[in-house]
Number of protein chains: 2
Amino acid sequence: MALKQQQPLDPAYLEKLQDYYAEHKVIPSYSVLASLWGISAKSWVSECVRRFEEAGYLDWTPDRQLKPGARFFERRLAHDTVQAGLPNPALADGYDLVTIDDYLVRVPSKTSLVRVKGDSMIDAGIHEGDLIVVEQQPNANVGDIVVAIVDNEFTVKYLDREKGAFVLKPANKAFPVIRPKGRLEIFGVMAGLVRRTR
Amino acid sequence: MALKQQQPLDPAYLEKLQDYYAEHKVIPSYSVLASLWGISAKSWVSECVRRFEEAGYLDWTPDRQLKPGARFFERRLAHDTVQAGLPNPALADGYDLVTIDDYLVRVPSKTSLVRVKGDSMIDAGIHEGDLIVVEQQPNANVGDIVVAIVDNEFTVKYLDREKGAFVLKPANKAFPVIRPKGRLEIFGVMAGLVRRTR
DNA sequence: TTGACACCAGAACGATCGTTCTGTAGCTTA
DNA sequence: TAAGCTACAGAACGATCGTTCTGGTGTCAA
């Protein structure tokens, strides 16, 4: 009995495509794919693409352009458990395929970075000099860490509510709660944090 | 005198393209770009692409396919002082541009990511679930935060010395100092930290 | 030995691609 | 007020796209 009626494609095909994508950040055309894979028939490329699509590695834009699928960037970071011997995560898995950028940024046009000044949020693990990844939006929920504009300067604080008015709470007992007069100007909500230590 | 002879394109064009790319991970065709930008002439799309290419935001593959350029993934870094009025970061200058990856990664081939488990480094602002950017190297200096391999697991600790032997010190009094028997296996040195909070 | 199937080559074909050309409305400068 | 430039629109055109069809291997089970 032939149980497997259609084995998965040569994994090398996917790897070559991932390498190409890592270099150029785009999916090539069928004819380029053909030479990339060492195939000389576009019909077969078409079939391979169909199967990668079925497996979730490729997908289509609404405009019927080929694009990476959900599983295309499947990666693992360095594993938390280490196999015998000194592991080489760079070779063991394709951790490099996803950029840190993608990890932190969902909407590039609404995202910017703000450098942290002072220790007022130290208990939230936010240090002086860290970069806060901010999603710009004019409002936020209580409990969010927000970047607000107070006295023409950016300030990073917890958003909270006191007697019906919004207040900004530091994560450091040595700093006072900020109770803005009038409207509280919110620049955006913290979506992430980046720290360089060397 | 006409000093500016060709002003930069509407920044909204680039933002829309970046958002499209963030969603689909490909650069669309000219006709899709036209509808994305609200333009109905491919000739003008072609000209805009030419200028983005000139500015380093777009580029071409060897096969003459459009791809993101070197500056495509730059992020805005908002300055700590805000100019009068509600700032519009997209238009105001006073924004440096950096890519998060470049900011954190100096040697891609020697850099990997390790996810933090537990609270043993909480006093150093390192929380559970954070990603540590690690520069792989077999040795380190006292005072460095290192990623070591203990009992076949990654662990993040301060490197210190006690009676001539290297020890690993947590940044949390609830955790004990680790005194490895025999050789201490260092995976690398912490070069940065990445945290996603939403 | 004969299907049956997987894997691939090659060519045909309409659709879509990006380039290029002409034209025009609005603004600026001399 | 004429000239010049920018920012588009629209159409024409050859090149390239991806689809589809026919056909040829090689392998393996019946």
Side-chain angles (χ1 to χ4, degrees), chain A residues 1-18 20-21 23-69 72 109, chain B residues 1-18 20-21 23-69 72 90-91 93:
Chain A
M1 280 173 289
L3 280 184
K4 56 159 188 182
Q5 44 192 356
Q6 180 186 280
Q7 54 261 58
L9 285 173
D10 189 349
Y13 282 13
L14 183 57
E15 287 173 18
K16 284 177 181 173
L17 178 52
Q18 284 169 332
Y20 185 98
Y21 187 91
E23 185 180 351
H24 295 302
K25 308 285 191 221
V26 283
I27 302 287
S29 73
Y30 279 27
S31 39
V32 175
L33 273 178
S35 65
L36 188 67
W37 287 343
I39 293 174
S40 64
K42 279 195 292 182
S43 57
W44 184 239
V45 173
S46 176
E47 173 64 15
C48 294
V49 165
R50 220 212 70 241
R51 295 191 199 175
F52 279 132
E53 178 200 349
E54 226 168 42
Y57 292 108
L58 289 173
D59 200 357
W60 300 89
T61 68
D63 316 293
R64 298 244 355 118
Q65 189 186 6
L66 204 56
K67 69 165 190 172
F72 190 85
S109 66
Chain B
M1 280 175 287
L3 280 184
K4 55 162 188 181
Q5 46 191 354
Q6 181 186 280
Q7 54 261 57
L9 285 173
D10 189 347
Y13 281 13
L14 183 58
E15 289 176 11
K16 284 177 182 174
L17 178 54
Q18 285 169 331
Y20 184 99
Y21 187 91
E23 186 181 351
H24 294 301
K25 307 283 190 241
V26 282
I27 301 288
S29 73
Y30 280 25
S31 40
V32 175
L33 272 178
S35 65
L36 188 69
W37 288 343
I39 293 173
S40 63
K42 280 196 291 182
S43 58
W44 184 239
V45 173
S46 175
E47 172 65 15
C48 294
V49 165
R50 222 213 67 240
R51 295 193 198 174
F52 279 132
E53 179 201 349
E54 223 169 45
Y57 292 108
L58 289 173
D59 200 358
W60 301 90
T61 68
D63 316 293
R64 297 256 340 129
Q65 189 187 5
L66 204 56
K67 69 165 190 172
F72 189 84
L91 297 179
D93 52 9

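Order of the sequence lines fixes the chain letters, A, B, ..., with proteins taken first and strands second; residue numbering starts at 1 for each chain. Just so we're clear, the structure is a prediction, and the values are computed from it rather than from any experiment.
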Atom-pair distance (CD on A/Glu47; P on C/dA6), nearest Å: 9 Å

Nearest whole Å is fine: how far is C/dT16 C1' from A/Tyr30 OH? 14 Å

Can a salt bridge be assigned to the pair B/Glu53 and B/Arg50 using a cut-off of 4.0 Å between side-chain N and carboxylate O? no

For the pair A/Tyr13 and A/Trp37, name the ring-plane relationship: parallel under 30°, tilted 30 to 60°, perpendicular over 60°. parallel

Would one find a side-chain N or O of B/Ser46 under 4.0 angstrom from OP1 or OP2 of C/dG18? no

Among A/Asp59, A/Asp63, A/Thr61, the one residue meeting side-chain contact (heavy atoms from CB on, under 4.5 Å) with B/His24: A/Thr61

Taking atom P of C/dT19 as reference, at what distance in whole Å does atom CZ of B/Arg50 sit? 11 Å

Side chain to side chain, A/Pro28 and A/Leu17, heavy atoms closer than 4.5 Å: yes

Would you say that A/Val32 contacts A/Tyr20 through its side chain, given a criterion of any heavy-atom pair below 4.5 Å between the two side chains? yes

Is B/Arg64 close enough to C/dT19 that one of its side-chain N or O atoms is under 4.0 Å from OP1 or OP2 there? yes

For atom CD of B/Gln65 and atom C1' of C/dG18, their distance in whole Å: 12 Å

Given atom CH2 of B/Trp37 and atom P of D/dA7, what is their separation to the nearest angstrom? 13 Å

Nucleotide of D/dT19, C/dT19, D/dA9 approaching B/Trp60 most closely (side-chain heavy atoms): C/dT19

Out of C/dC17, D/dA7, D/dC17, whichever nucleotide has its closest atom nearest the side chain of B/Trp44: D/dA7

Nearest whole Å is fine: how far is C/dT19 P from B/Leu33 CG? 11 Å

Give the rounded distance in Å between these two atoms: CD of B/Glu53 and C1' of C/dG18. 13 Å

Which nucleotide sits closest to the side chain of A/Ser40: D/dG18, C/dA9, D/dA9? C/dA9

Could you tell me whether A/Ser43 contacts a base, only the sugar-phosphate backbone, or nothing, with contacts defined as non-hydrogen atoms closer than 4.0 Å? base

B/Ile39 atom CD1 is separated from D/dG10 atom C1', nearest whole Å, by 14 Å

The nucleotide from C/dA9, D/dG10, C/dC8 with an atom nearest the side chain of B/Ala41 is D/dG10

Short side-chain N/O contact from B/Tyr13 to OP1 or OP2 of D/dC8, under 4.0 Å: yes

Does B/Arg51 put a side-chain nitrogen or oxygen below 4.0 Å from OP1 or OP2 of D/dT6? no

